[in-house]
Structure formats: C-alpha cells, structure tokens
Amino acid sequence: MPRPANCLAVRVGEVGGNTLGFYGCQMSPDGSMMVAHAFHGALHLWYHKQGEWSPGVVISGHFNAVQDLSWDPEGDFLISVGSDQTTRLFTPWRRAHGTQRTWHEISRPQIHGYDLQCLTMVGRFQFVSGADEKVLRAFRAPRNFVENFANISGTSLKELLASDDTADLPEGASTPALGLSNKAVFQGDLAPKPKTDEEQFSSVSDQYQESYFHPLNLTEPPPEDHLLQNTLWPEIQKLYGHGFETFCLASDSARTVVASACKTCARLGSMCIAKAD
C-alpha cells in the first residue's frame with residue numbers, strides 16, 4: 001500500500017549494538033517526544049525539534065538489586081554496584097544557564113559478566129569492586145570522564161587535572177570480545193592505522209577496529225548507548241585470594257589498604273597502584 005504524501009517516516013536509536021533492541025514505545029500526548037524501553041531495563045527518549053528527532057536526557061539506573069554504594073572522597077559523586085552486573089556513577093547535573101541541579105547517571109565504569117556485590121573508593125577517581133567471581137578489580141577514571149565530569153557537574157577542570165589521581169591518564173577504555181577486563185585506550189590507539197592492500201581485510205576480525213571507544217564531549221548526561229560503550233573505566237589491577245564469593249569491601253582512611261570478606265573468611269590487602277613520577 002503506498003504511503004500518503006504527507007506521511008513522515010523516521011527511524012531513531014541504534015540498530016543492533018549492545019542495546020539488544022526495544023520492547024515497547026510510547027509517544028507523548030502532543031507528539032513531540034517518544035520514549036522506548038530496552039532489554040537491559042533502560043529508557044530511551046527522543047524529542048522533535050526543528051524538523052529533527054534528537055536523543056534527550058532521561059532517568060536511568062540499576063534494573064536489578066543494588067548491592068553496595070560509596071561516595072567519592074570529596075562528596076561530588078557516588079558509585080553503586082548491583083546484581084545487574086554493572087557499576088554506575090551518579091552526580092548532580094548543573095545546567096549552563098540556571099541553578100537547578102538534578103542527579104543523573106553519567107558513567108558506567110564497569111559492565112561485568114558476574115553479579116557485582118561490593119565496592120569501595122580508594123581515591124578521588126579510583127575504586128575497587130568485588131563480584132561473584134571471587135576476584136577484586138581496581139579501576140581508575142580515564143581523562144575523557146574527568147573532562148565530561150567537569151562539564152556536567154560545573155567543577156573546575158584545571159583543579160581536577162591538578163590532582164595526583166589524574167596524572168598520566170588514558171583517554172578511555174574498552175572491553176575486548178569475550179573479556180572481563182576493561183583495557184585502557186590511549187590517544188595513539190584512536191588514530192586509524194593504515195594498511196596495505198594485501199593486509200586489508202585478511203580476516204573477518206580485520207574489518208572492525210580493535211577499540212570501540214569514541215571520546216565524548218558532553219555538556220549533559222549521556223544517553224544509554226554512550227553509557228554502554230564510551231564511559232568505561234580501565235582496569236588497573238586485580239587482587240586475588242578468596243576461594244568463595246566476596247560480599248564486603250572497605251578501605252582505610254588513607255585509602256592505601258583494602259579489607260575484603262567472603263562467605264568463609266576475611267582478608268587484608270595493600271593497594272599498590274602505580275603512579276607516574
């Protein structure tokens with residue numbers, strides 16, 4: 001059946017990727033906005049303005065039980081972990097023109113393959129998390145997050161970059177296929193590497209870039225597709241020892257020692273996070 005001449009067709013959202021499709025959609029009463037919900041419990045919002053549909057800021061959060069949370073040392077943001085196998089970071093969003101501040105998720109530092117049970121901050125932009133896999137993992141914020149955090153929260157970027165925790169930061173992070181460890185992505189990794197005709201597309205994997213991270217320049221909380229792919233933190237260290245699932249983590253006031261407990265025992269470990277001279 002032919003489409004009427006005055007009928008407008010539009011497609012929004014990504015096809016494929018990490019979102020695994022939408023389960024439903026609703027239009028606003030005036031037809032200017034539409035919201036959809038996806039497989040991972042996320043909401044997606046688009047609004048119509050000046051003839052185009054653009055993604056909008058929408059509420060987000062864990063879609064399964066929250067198991068633990070921790071404030072950063074300065075009290076500017078908090079990080080939580082949950083049984084949905086994600087670590088999420090929330091901070092107040094300060095608009096460029098106005099004093100209103102509302103809390104939003106601006107980063108998803110860790111997307112894991114096991115249910116996450118506990119975490120503790122060990123620095124302004126560093127934390128350790130534990131999951132059912134028994135291994136503790138330490139993470140450190142990339143530079144792209146620090147820049148976007150300054151834009152969204154209204155914090156001075158110069159002061160943030162002057163901190164010892166932000167020395168020699170990678171640009172971002174990505175997770176290799178079938179991997180659990182977030183790999184640091186540096187500025188040099190983002191530049192495409194030229195190949196000769198013989199080397200080009202020699203296998204299926206060569207058709208795709210090794211890094212799927214793309215730097216963001218944000219002035220508002222990111223949508224779900226960016227949270228899934230472009231806001232990861234690189235993993236900097238693993239801590240081994242427990243033979244059963246960990247369920248509790250804590251750090252001392254100096255944030256140099258981490259204490260953890262599992263179903264059968266407790267352990268005390270020292271964090272040795274290397275820093276550039």
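- In terms of modelled atom types and a separation under 3.5 Å, the side chain of Ser28 and the main chain of Met33 share a donor-acceptor contact.
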Task: Verdict with supporting geometry, Leu228 and Asp225, side chain to side chain contact (heavy atoms under 4.5 Å, CB included) - done: CA-CA 5 Å; Leu228 284 168; Asp225 52 345; 5.7 Å; no

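- Remark: aromatic rings of Phe77 and Phe149 are close, center separation under 6.0 Å.
- Cation-pi geometry between Arg101 and Trp103 is not met: the NZ or CZ atom fails to fall both under 6.0 Å from the ring centre and inside 45° of the normal.
- Annotation: side chain of Asp72 is in contact with side chain of Arg124 (closest heavy-atom distance under 4.5 Å).
- Residue Ile59 places its CD1 atom among 12 or fewer non-hydrogen atoms of other residues, nucleotides or ligands, all under 6.0 Å distant.
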Open item on the list: I'd like to know whether Phe145 forms a side chain to side chain contact (heavy atoms under 4.5 Å, CB included) with Ile106, so could you lay out the CA-CA distance, the side-chain angles of the two residues, the decisive distance to 0.1 Å, and finally the verdict.
Closed with: CA-CA 9 Å; Phe145 165 80; Ile106 67 167; 3.9 Å; yes

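- If you look at Phe22 and His44, their ring centroids are closer than 6.0 Å.
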Task: Gln117/Asp132 under side chain to side chain contact (heavy atoms under 4.5 Å, CB included): CA gap, chis, key distance, verdict - done: CA-CA 7 Å; Gln117 301 295 339; Asp132 286 344; 3.2 Å; yes

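- Across all their heavy atoms, Pro142 and Glu171 have their closest contact at CB-O, 3.5 Å.
- Using a 4.0 Å cut-off between charged side-chain N and carboxylate O, Glu224 and Arg108 make a salt bridge.
- Taking the six-membered ring where the residue is Trp, the centroids of Phe125 and Trp233 are separated by 6.0 Å or more.
- Salt bridge status for Glu235 with Arg137: present, with a side-chain N to carboxylate O gap under 4.0 Å.
- Here the closest heavy-atom approach between residue Gly123 and residue Pro73 is recorded as O-CD, 3.4 Å.
- Note that the CG atom of Leu161 and the CG atom of Leu169 stand 7.5 Å from one another [nearest 0.5 Å].
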- [ ] Could you check Thr91 against Ser153 for side-chain hydrogen bond (donor to acceptor under 3.5 Å, both in side chains), going step by step and ending with a plain yes or no?
- [x] CA-CA 7 Å; Thr91 194; Ser153 66; 5.1 Å; no

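- For the pair Ser181/Lys238, a side-chain contact is recorded, criterion being any heavy-atom separation below 4.5 Å from C-beta on.
- Within the model, atoms CD of Gln229 and CG of Leu216 stand 9.0 Å from one another, a figure rounded to the nearest 0.5 Å.
- Contact check for Ile236 versus Phe139: no side-chain heavy atoms found under the 4.5 Å cut-off.
- Under a hydrophobic-cluster definition in which Ile, Leu, Val, Met, Phe, Trp and Tyr are linked whenever side-chain heavy atoms come within less than 4.5 Å, directly or via other members, Phe127 and Leu78 are assigned to different clusters.
- Considering CG of Leu218 and CH2 of Trp93, their distance stands at 11.0 Å, rounded to 0.5 Å.
- The closest donor-acceptor contact from the side chain of Asp252 to the backbone of Thr256 lies under 3.5 Å.
- Atom CG of residue Leu157 and atom CZ of residue Arg143 lie 8.0 Å apart, to the nearest 0.5 angstrom.
- Few gaps surround CZ on Phe63; more than 12 heavy atoms of other groups in view lie less than 6.0 Å from it.
- Between Asp84 and His62, the side chains place a donor N or O and an acceptor N or O closer than 3.5 Å (distance only, hydrogens not considered).
- Looking at Val122 and Val258, their side chains come closer than 4.5 Å, going by heavy atoms from C-beta outward.
- Looking at heavy atoms from C-beta onward, Gln110 lies out of side-chain contact with Leu232 at the 4.5 angstrom threshold.
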Task: Verdict with supporting geometry, Thr120 and Arg255, side-chain hydrogen bond (donor to acceptor under 3.5 Å, both in side chains) - done: CA-CA 9 Å; Thr120 184; Arg255 304 188 186 276; 5.1 Å; no

TODO: May I have the step-by-step check of side chain to side chain contact (heavy atoms under 4.5 Å, CB included) for Arg88 and Ser107, ending in yes or no?
DONE: CA-CA 6 Å; Arg88 304 182 186 231; Ser107 179; over 6 Å; no

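- In this structure the side chain of Leu89 never reaches within 4.5 angstrom of the side chain of Glu105, judged on heavy atoms.
- Defined by atom type and a distance below 3.5 Å, a donor-acceptor pair is missing between the side-chain atoms of Asn151 and Thr219.
- Heavy-atom contacts from other residues, nucleotides or ligands closer than 6.0 Å to NZ of Lys49 number 12 or fewer.
- What you find for Val81 and Thr87 is that their closest heavy atoms are CG1-OG1, 3.3 Å.
- The OG atom of Ser70 sits 7.0 Å away from atom CD1 of Ile79, with the distance rounded to the nearest 0.5 Å.
- Side-chain contact between Ser60 and His104 is absent, with no heavy atoms from C-beta onward closer than 4.5 Å.
- With values rounded to the nearest 0.5 angstrom, Ser129 atom OG is found 11.5 Å from Met121 atom CE.
- At least one donor-acceptor pair under 3.5 Å links the side chain of Asn182 to the backbone N or O of Pro109.
- Here the closest heavy-atom approach between residue Leu116 and residue Gln85 is recorded as CD1-C, 3.7 Å.
- Taking the ring centroids of Trp53 and Tyr47, they lie at or beyond the 6.0 Å cut-off.
- The heavy-atom pair separating Val185 from Ser174 by the smallest distance is CG2-OG, 3.7 Å.
- The shortest heavy-atom contact between Leu249 and Ser260 is CD2-CB, 3.6 Å.
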Task: Intermediate values then yes/no, side-chain hydrogen bond (donor to acceptor under 3.5 Å, both in side chains), His112 and Thr86 - done: CA-CA 6 Å; His112 207 38; Thr86 64; over 6 Å; no

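- Within the 4.5 Å cutoff, the side chain of Val35 has no heavy atoms near those of the Met27 side chain.
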